[in-house]
Amino acid sequence: MLPRFVAFSVLAILLAGALPARAEPDKALAPIPGPTLALMAARDTTPAAPLLLRAYKKESEIEVWKKAGNGRFVHVKTYPICRWSGQLGPKTRSGDRQTPEGFYTVAKSQMNPHSRYYLSFDIGYPNAYDRAHGGTGSAVMVHGICSSMGCFAMTDKVAGELFAIARDAFAGGQTAFQFQSFPFRMSAANMARYRTDPNIGFWRQLKEGSDRFEATGEEPVVSVAAGRYAFAPSKDPAKEAEAVAHHKSEEAKIASLVEDGSAAVRTTYSDGGQHPFWASLIARGVPVGDISRPEALAYAGQEVIVIPARRRPAPPAPLPEAVWAAAIAPGSPLSAQATRIAGFVSAWEAPAPAFAPLATRYAESWPRILRASLDNDAPAFEPIEAAPHVAQVAQR
């Protein structure tokens, strides 16, 4: 993957216009900016190629992915979210101010060129999963300005660019694109950190779909079974094997991080968050349109440690053989000291045990001992006289 354009080239975005642009008459027909077209070309894709969007709430970012000439989706560009609302976790009801999480579908009919918030498209909440869990609400949008009550507010110019990218994908023949919304980047490290969160079971389902997409480069085929997200196997056996192996590898990484003492945290918000890019511009007085609950941003992303991190002590390094061999060798100080102990016989000076040639694994030694006994080759032993007090007890 190309490096995420999180820096977003401040100059490029300002040149594209971070300011509100409600006066543009043909805003819905505005072309995709030239720098973005250049990024597409560099990734072997085109404006008409199929589109997929991925959103991350904690990082406040939306990624644009396009299908390349080799058939895989490739990352093209990352956009900063100006405002999202609520907490990490799914949206469950109308009015809860939660920005949704899950796998959604955006059809051409969900594009709104006449939005009150410059330009917008409906992500498709509630989907089948949300409805299976009693989710209510509607009209959750990706739109302009910087105000959110459950939507992804992007500022006007960024919303306009996303609108143009989606419009050209539809013009190229795509009937609907997938919108993936996650609480955070679905890395093994994040899954270990949030393992005690009440939403972790739901997030593990999202992780499975995310892993599948990243392993195969294919849009996941999503359904809902028994109230859970389900993902169809890839039609390509090799890609399916990659998906299964990647997910198992991620699960192993999570287990290893937990075993090694990774901290468990919860991240809380007064009411959602904002990307630092926009916070920096706003602090310098750059207008971005209406901002919802700006006072809440002072309390965004507060981490609460549930389980402190603990570091597993590293095992002591083994003493090199050359060191300990020299320490106990004949003539060494340690050896000279040991020989002063009455009756001490060093291992290399002691006679070999009677059965030393036979002392191997039991499965090998017992037949050999038996054969030696039958052939009268076994070493002879003198009986050990019983101690007097033992003999007295035996006579009783």
Side-chain angles (χ1 to χ4, degrees), residues 53-63 81 83-105 123-138 140 148-152 178-214 220 222-231 247 250-251 253-255 257-258 262-275 296-297 299-309:
L53 299 182
R54 310 184 89 195
Y56 306 94
K57 288 162 59 173
K58 183 176 183 293
E59 292 82 2
S60 297
E61 293 173 356
I62 289 181
E63 293 178 344
I81 298 173
R83 200 73 174 87
W84 61 272
S85 58
Q87 306 287 331
L88 301 183
K91 182 177 181 65
T92 58
R93 59 183 176 80
S94 177
D96 63 4
R97 296 188 65 85
Q98 281 291 103
T99 299
E101 296 170 8
F103 294 85
Y104 297 92
T105 302
I123 70 167
Y125 174 89
N127 62 13
Y129 178 94
D130 301 319
R131 291 192 296 271
H133 291 266
T136 59
S138 62
V140 176
S148 171
M149 292 187 293
C151 296
F152 298 89
Q178 189 172 93
F179 186 93
Q180 303 176 1
S181 180
F182 301 110
F184 39 72
R185 294 192 173 275
M186 307 304 284
S187 65
N190 277 337
M191 295 302 290
R193 284 174 59 79
Y194 289 96
R195 64 186 181 273
T196 61
D197 193 284
N199 295 301
I200 191 61
F202 170 66
W203 291 342
R204 288 192 181 109
Q205 298 175 51
L206 302 187
K207 168 71 169 167
E208 182 180 352
S210 176
D211 286 351
R212 179 168 289 276
F213 173 74
E214 292 177 0
V222 184
S223 61
V224 178
R228 294 178 55 86
Y229 275 114
F231 305 94
H247 187 59
E250 288 291 288
E251 291 290 298
K253 289 179 184 177
I254 296 169
L257 287 166
V258 174
S262 171
V265 304
R266 290 190 65 183
T267 304
T268 64
Y269 297 81
S270 176
D271 185 21
Q274 178 180 74
H275 195 280
L297 293 172
Y299 304 96
Q302 302 294 308
E303 284 201 349
V304 178
I305 298 177
V306 180
I307 300 176

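- Atom CD1 of Ile200 has more than 12 heavy atoms from other residues, nucleotides or ligands within 6.0 Å.
- Within 6.0 Å of atom CE in Met186, more than 12 heavy atoms from other residues, nucleotides or ligands are found, so the atom counts as buried in its surroundings.
- Between Pro90 and Asn199, some side-chain heavy-atom pair lies under the 4.5 Å cut-off.
- Residues passing the side chain to side chain donor-acceptor pair (under 3.5 Å) test with Lys207, sequence neighbours excluded: Asp211, Glu250.
- Looking at Lys58 and Arg185, their side chains never come closer than 4.5 Å, going by heavy atoms from C-beta outward.
- Interatomic distance, SG of Cys151 versus CD1 of Ile81, reported as 11.5 Å (0.5 Å rounding).
- Proximity of Pro183 to Leu206: side-chain heavy atoms (C-beta onward) are separated by under 4.5 Å at one or more points.
- Of all heavy-atom pairs spanning Pro126 and Gly137, the tightest one is CD-O, 3.2 Å.
- Here Ser262 pairs with nothing under the side chain to side chain donor-acceptor pair (under 3.5 Å) rule; sequence neighbours left out.
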Item to check | Tyr269/Trp84 under side-chain contact (heavy atoms from CB on, under 4.5 Å): CA gap, chis, key distance, verdict | outcome: CA-CA 11 Å; Tyr269 297 81; Trp84 61 272; 3.7 Å; yes
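- Formation of a donor-acceptor pair under 3.5 Å by the Glu208 side chain with backbone atoms of His247 is not found in this model.
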Next on the checklist: The test is side-chain contact (heavy atoms from CB on, under 4.5 Å); show your working for Met191 and Lys253 and say whether it passes.
Outcome noted: CA-CA 10 Å; Met191 295 302 290; Lys253 289 179 184 177; over 6 Å; no
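- Taking each heavy atom of Gly272 and Ala300 in turn, the nearest pair found is O-CB, 3.4 Å.
- With rounding to the nearest 0.5 angstrom, the OG atom of Ser138 is 9.5 Å from the OH atom of Tyr125.
- The OG atom of Ser187 sits 9.5 Å away from atom CD of Glu214, with the distance rounded to the nearest 0.5 Å.
- Scanning for ring pair (Phe, Tyr, Trp, His ring centres under 6.0 Å) contacts around Tyr229 gives Phe103, Tyr129, with sequence neighbours left out.
- A 4.5 Å side-chain heavy-atom check between Arg266 and Pro198 finds at least one atom pair inside the cut-off.
- Partners of Glu251 according to the side chain to side chain donor-acceptor pair (under 3.5 Å) rule, which considers only residues two or more places apart in sequence or in another chain, do not exist here.
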Next on the checklist: The test is side-chain contact (heavy atoms from CB on, under 4.5 Å); show your working for Val140 and Thr99 and say whether it passes.
Outcome noted: CA-CA 8 Å; Val140 176; Thr99 299; 5.6 Å; no
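- Between the side chain of Ser85 and the main chain of Asp271, no donor-acceptor pair closer than 3.5 Å is present.
- Here the two rings, on Phe184 and Trp203, have centers that are under 6.0 Å apart.
- Considering only heavy atoms from C-beta on, Thr267 stays 4.5 Å or farther from Arg193 through its side chain.
- The pair Lys57-Glu101 counts as a salt bridge, with a side-chain nitrogen and a carboxylate oxygen less than 4.0 angstrom apart.
- Every residue was checked against the salt bridge (Lys or Arg N to Asp or Glu O under 4.0 Å) condition with Arg195, not counting sequence neighbours, and none meets it.
- Proximity of a side-chain donor or acceptor of His133 to a complementary backbone N or O of Gly227 within less than 3.5 Å is detected.
- Here CG of Leu88 is found 7.5 Å from CG of Asp197. Values are rounded to the nearest 0.5 Å.
- Under the side chain to side chain donor-acceptor pair (under 3.5 Å) criterion, Gln180 pairs with Arg54, Gln178, sequence neighbours left out.
- Atoms OG and CD, from Ser210 and Gln205 in turn, are 13.5 Å apart once rounded to the nearest 0.5 Å.
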Next on the checklist: Using the rule given for side-chain contact (heavy atoms from CB on, under 4.5 Å), can you reason through Val306 versus Tyr194, listing the C-alpha separation, both sets of side-chain angles and the distance that settles it, and then say yes or no?
Outcome noted: CA-CA 9 Å; Val306 180; Tyr194 289 96; over 6 Å; no
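- Summarising the geometry of Ile123 relative to Pro100, their closest heavy-atom pair is CD1-CG, 4.1 Å, with the distance given to 0.1 Å.
- A 4.5 Å side-chain heavy-atom check between Glu63 and Tyr56 finds at least one atom pair inside the cut-off.
- Between Asp96 and Lys91, some side-chain heavy-atom pair lies under the 4.5 Å cut-off.
- Across every non-hydrogen atom of Gly273 and Ser60, the tightest pair is C-OG, 4.1 Å.
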